[in-house]
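Remarks on the structure that follows.
Chain naming here is simple, since letters A, B, ... match the order of the sequence lines and numbering starts at 1 in each.
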Amino acid sequence: MSERAEGIGNEGFLIDADSALNAQNEAEIRLFVRIGNKIETFYDAGLKPYFYAIANGSAEETRKKLLAESFGEQQAKILNAENVEKENAENALKLEFKNTNDLTAAREELASFPSIKERREFDIPFARRYLLDRQLKPMGAVEFSFNEKDGKKFVGEIKSADSGELPKFRIGSFDLETYTEGGHFSDAKQDPIIMASYADSEEAIVFTTGKHSHNEKDVIHCASEEEMIAALVNKLNEKNLDVIVTYNGDGFDFPYLKERAQKYGIKLNLGADGSEPSIKRHGMDNAVRIHGRQHLDAYALVRLLSRFADLNLVKYDIESVVAQLFGEHKEKVHYTEINEMWRSGKDFGKLIDYCREDSKAALRIACEYLPLCIELCFLARQTLHDVSRSSSGNIVESLLIGESFLTNRLIPNRPADEIVEQRIMQSFVGGYVKEPIAGLHENLAVLDFRSLYPTVIISHNISPETLNCAHSDCREKNSAPSNNWFCVKEEGFFGSILKRVLKQRMELRAEMKKHEKGSPSYMQLHAKQYALKIVLNSFYGYLAYARSRYYSRECAAAVTSWCRSYVQDVGKKAEGDGFVVIYNDTDSEFLKIPENKTKKDVENFVEKVNSELPGNMQLEIEGFYTRGIFVTKRGAGEQEAAKKRYALIDGSGRLKIVGFEYVRRDWAVIAKKTQKEVIEAVLKEGNPQKAIEIVKERIAWLRSGSVPKEELVTFTQIKKPLKSYEAIGPHTAAAQKAIKRGKQLDVGSIIGYIITRAGKSISEKAELEEFVKQGDYDADYYITNQLLPAVIKIISEFGYTKEDLLQGGKQQTLSGWG
DNA sequence: TAATTCGCTAGACCGA
DNA sequence: TCGGTCTAGCGAA
């Protein structure tokens, strides 16, 4: 065995990192690095698992005492204990261990050790600890040296190398089709896999045991399920992928494949180290990890992205996602149809295409968001596997953890359950929302504060350690309306992070403008700035989040109190300048530009406001609108104007519809479409009479009984186990009935239902769309409970009543408008 | 495993 | 048949 040394000059991309035990039972980090066409494994034994203990009294005495202790059944020892200086703690000891088992044993016992006040950073997974301490970015370039010893390569020095461009990662996806009997969901214990597809940038092939057709292009016929599984595994391994993509591989494809492979004794050696995928519980779901590579479950990713708000989906099935993202129609084959196609051989080609398209679609979704995910890997210093299954809170937390590390601070612990509960009990006041002036308004300017919450945090130096400092001048100069004040003498922890993130994002956005829209460099810049946007948008939420390590109710309440005061102050200034404030919501000013004023006056006003705002707070012009409509509330309090629902139209005829049924998934399509057309008629053409005609026409259509199902579906999410519902509404009733018919519905499923004619109450009439025959719908329900409520408040702003919509010729009752 | 508060509306159910 | 109270879901920011 030769031993050789290399310079730091080795380069590659860090695909995965995990921890393992070596033959001496010592913890080692395994690094999987893409070098050329290979993923190579390196080891690092240079970092020991550790955590911190804060001593009650003298750290030195405690240190000696601890070194003499042994912990747990294995009599674990502390390898090394060191006195360390930390910015935010005294008497801190760094305790190192041989492996994570020893660490775990010690941390349990030290919880109730008299001379130890607190334990810190004891729940950071070791691989993550390593990435943090070595400042490495998963999916990023690394530069390193290594030595070979006993056939294992040990890294010496390793560091993140900033390569300008993202490499071409090897990425491929697969998908399975399974046999389904009698309309039931497949069970891996008995139902075979009948088809599998694989797709990457070069090919898209289908494996099948089907005998019905031959000679299709890129179809591989296998003699048995066993042979097919082996062929799929071979294909995946031959490709040596960095990223394996699935659509719900966590919940379905991998567990299913594993079970079937087991049946035949096929080894699912998909890991870069030849290991099998490991299935772990991840909350209510599974997460499937492939060692040495990354498993990107596009379904998990889509769910994550939809929480970042920009991706708003009615349903999460792959067809809906493709339609929403790429505007393309993908044929859906229902699992009951798969069974039929399989047995009869009729439309077998369609089944093959469906299977192939599934893989292609999953791959496409993954590729679309891979740049963003990689940026999140960089920000959070977590693997693609982890970030793609994480949350906005987790990403912000990672950033704060990273900053704590860099500034030599101890990371705060996760709060105990009792504390979480206390925090939840103590809520606080949020943003200010002004009751709008209802009616049709012309000539509007909408202003908003750029990144309001972050800029308030920065400008007022809001942070836990600057809170209520001892200086009287800080108290005088920098008191929040919520009555706390913040030190102005030194930059706070929160502010320093946000300042950097905000600055970086602005630079990226400026740089973006220099690149051709849609070009690779543009897309990469876009992903970078978008990742930062996610952080900026969720930062405040994280510090107000009860389970946050960095929770501060005082800081959160100070942020909102300042924001309320700014938005109201600017409103007063606008009124003082002769504008009419129509509406405010948190960070926005809706101004009516009076006859004697112009856009230029608005610009001047904004400039004046900005010259008076502190720090990097900034008011911006969101847009000018020729018309806008605000409506009154429904039900009780009819005269009051409704907040959070309005519609605007700009000079180019572009509509902006906010809060109305049109943007909600839990309304019937026909009601939403009609509402949009009514808004359009009223705003674009100023023609309420036309709106009336549209509604009348839809009523007649509904009455005719010929409205197709797609127009009548309402989507709602099952948010908890069906048993735990106290109130059974239409969606719960429809779900219950569907389950009785053998449909599988889990928490989180989004169901589409229709109100049929059969039954008394609305709930009784509700049925899942797939069980409803064309034409079986309750026209009265759709007219009275969907169509009319969606349009009446808009039309009534013009003096019309419900009767004008329902009756034949009757015209307006007239009350002044326009 | 989990970001926040503010706000609107529906449908079930109850009692007058 | 009405209004009030409750649960529930979803959207705005």
Can you give the first and last nucleotides of DNA chain C, 5' to 3', that have an atom under 4.0 Å from a heavy atom of chain A? C:dT7 to C:dA13
Report which part of the nucleic acid A:F539 touches: base, sugar-phosphate, or nothing (heavy-atom distance under 4.0 Å, all strands). nothing
Touch check for A:K793, heavy atoms < 4.0 angstrom, all strands: base, sugar-phosphate only, or nothing? nothing
Under the ring pair (Phe, Tyr, Trp, His ring centres under 6.0 Å) criterion, do A:Y453 and A:F539 qualify, and how do the steps go? CA-CA 9 Å; A:Y453 285 15; A:F539 195 95; over 10 Å; no
Scan A:G431 against the nucleic acid and name what it touches under 4.0 Å (heavy atoms): base, sugar-phosphate only, or nothing. sugar-phosphate
Residues of residues 447-462 of chain A with any non-hydrogen atom less than 4.0 angstrom from an atom of DNA chain C: list those, numerically ordered, please. none
Using a cut-off of 4.0 Å on non-hydrogen atoms, how would the nucleic acid contact of A:V396 be classed: base, sugar-phosphate, or nothing? nothing
What is the distance from OH of A:Y646 to P of B:dG7, rounded to the nearest Å? 15 Å
Test: salt bridge (Lys or Arg N to Asp or Glu O under 4.0 Å). Region: residues 716-728 of chain A. Which pairs qualify, not counting sequence neighbours? none
Work out how far the C1' atom of C:dA12 is from that of B:dA3, and round it to whole angstrom. 15 Å
Using a 4.0 Å heavy-atom cut-off across all strands, classify A:R634 as base, sugar-phosphate, or nothing. sugar-phosphate
If you check the A:R645 side chain, which of B:dT9, B:dT4, B:dA12 turns out closest? B:dT9
Please classify the nucleic acid contact of A:S548 as base, sugar-phosphate, or nothing, using heavy-atom distances under 4.0 Å. nothing
On the 0 to 90° scale, with breaks at 30° and 60°, tag the A:W562-A:F486 ring pair as parallel, tilted or perpendicular. tilted
Given atom CG of A:L304 and atom C1' of B:dA2, what is their separation to the nearest angstrom? 13 Å
Taking the basic N atoms (NZ, or NE/NH1/NH2) and the acidic carboxylate oxygens, is any pair closer than 4.0 Å for A:E661 and A:K672? no
Rounded interatomic separation in angstrom, taking CZ from A:R553 and C1' from B:dT5: 13 Å
Under the salt bridge (Lys or Arg N to Asp or Glu O under 4.0 Å) rule, what pairs show up with a residue in residues 413-433 of chain A, not counting sequence neighbours? A:D123-A:R414, A:D417-A:R547
Start with the C-alpha gap between A:I395 and A:Y542, add the side-chain angles, then the distance that decides, and say whether side chain to side chain contact (heavy atoms under 4.5 Å, CB included) holds. CA-CA 10 Å; A:I395 289 160; A:Y542 177 70; over 6 Å; no
Is A:Y432 touching bases, backbone alone, or none of the nucleic acid, heavy atoms closer than 4.0 Å? nothing
Separation of A:D417 atom CG from B:dA2 atom P, in whole Å? 15 Å
OP1 or OP2 of B:dA3 under 4.0 Å from side-chain N/O of A:N394: no
Is the charged tip of A:R553 near the ring of A:F428: under 6.0 Å from the six-membered ring centre and within 45° of its axis? no
Walk me through whether A:F254 and A:H295 qualify under ring pair (Phe, Tyr, Trp, His ring centres under 6.0 Å). CA-CA 10 Å; A:F254 271 118; A:H295 168 213; 4.8 Å; yes
With respect to the phosphate group of B:dA2, does any side-chain polar atom (N or O) of A:R414 fall under 4.0 Å of OP1 or OP2? no
Measuring from the side chain of A:F428 (C-beta onward, heavy atoms only), which nucleotide among B:dC6, B:dT4, B:dA12 has the closest atom? B:dT4
Measure the distance from CZ on A:R549 to P on B:dA3 and round it to the nearest whole Å. 14 Å
Considering every strand and a 4.0 Å limit on heavy-atom distances, what is the contact class for A:T732: base, sugar-phosphate, or nothing? nothing
Using a 4.0 Å heavy-atom cut-off across all strands, classify A:G393 as base, sugar-phosphate, or nothing. sugar-phosphate
Might you work through the ring pair (Phe, Tyr, Trp, His ring centres under 6.0 Å) test for A:Y545 and A:Y551, ending with a clear yes or no? CA-CA 6 Å; A:Y545 166 51; A:Y551 179 86; 8.7 Å; no
NA contact type, A:S392, heavy-atom cut-off 4.0 Å: base, sugar-phosphate, or nothing? base
Of the residues in residues 657-664 of chain A, which ones touch DNA chain C at a heavy-atom distance under 4.0 Å? A:V658, A:G659, A:V663, A:R664
Only counting residues at least two apart or in another chain, list the ones meeting ring pair (Phe, Tyr, Trp, His ring centres under 6.0 Å) with A:Y725. A:H731
Answer yes when A:R500 and A:E403 have at least one side-chain N-carboxylate O distance shorter than 4.0 Å, and no when they do not. yes
Of A:I424 and A:R547, the one whose nearest nucleotide on DNA chain B sits closer to the 5' end is A:R547
Between NZ of A:K644 and P of B:dT5 the distance, given in whole Å, is 13 Å
Nearest-Å distance, CD (A:Q717) to P (B:dA10)? 21 Å
Taking A:N394's backbone N and O only, do any of them form a donor-acceptor pair with A:S398's side chain (distance below 3.5 Å, no angle check)? yes
What nucleic acid atoms does A:S427 come within less than 4.0 Å of, heavy atoms only: base, sugar-phosphate, or nothing? sugar-phosphate
With respect to the phosphate group of B:dT1, does any side-chain polar atom (N or O) of A:R281 fall under 4.0 Å of OP1 or OP2? no
Between the side chains of A:D585 and A:K643, is the shortest nitrogen-to-carboxylate-oxygen separation below 4.0 Å, so that they form an ion pair? no
Nearest-Å distance, CG (A:L399) to C1' (B:dA3)? 14 Å
Angle class for the A:Y646/A:F590 ring planes (parallel below 30°, perpendicular above 60°, tilted otherwise)? perpendicular
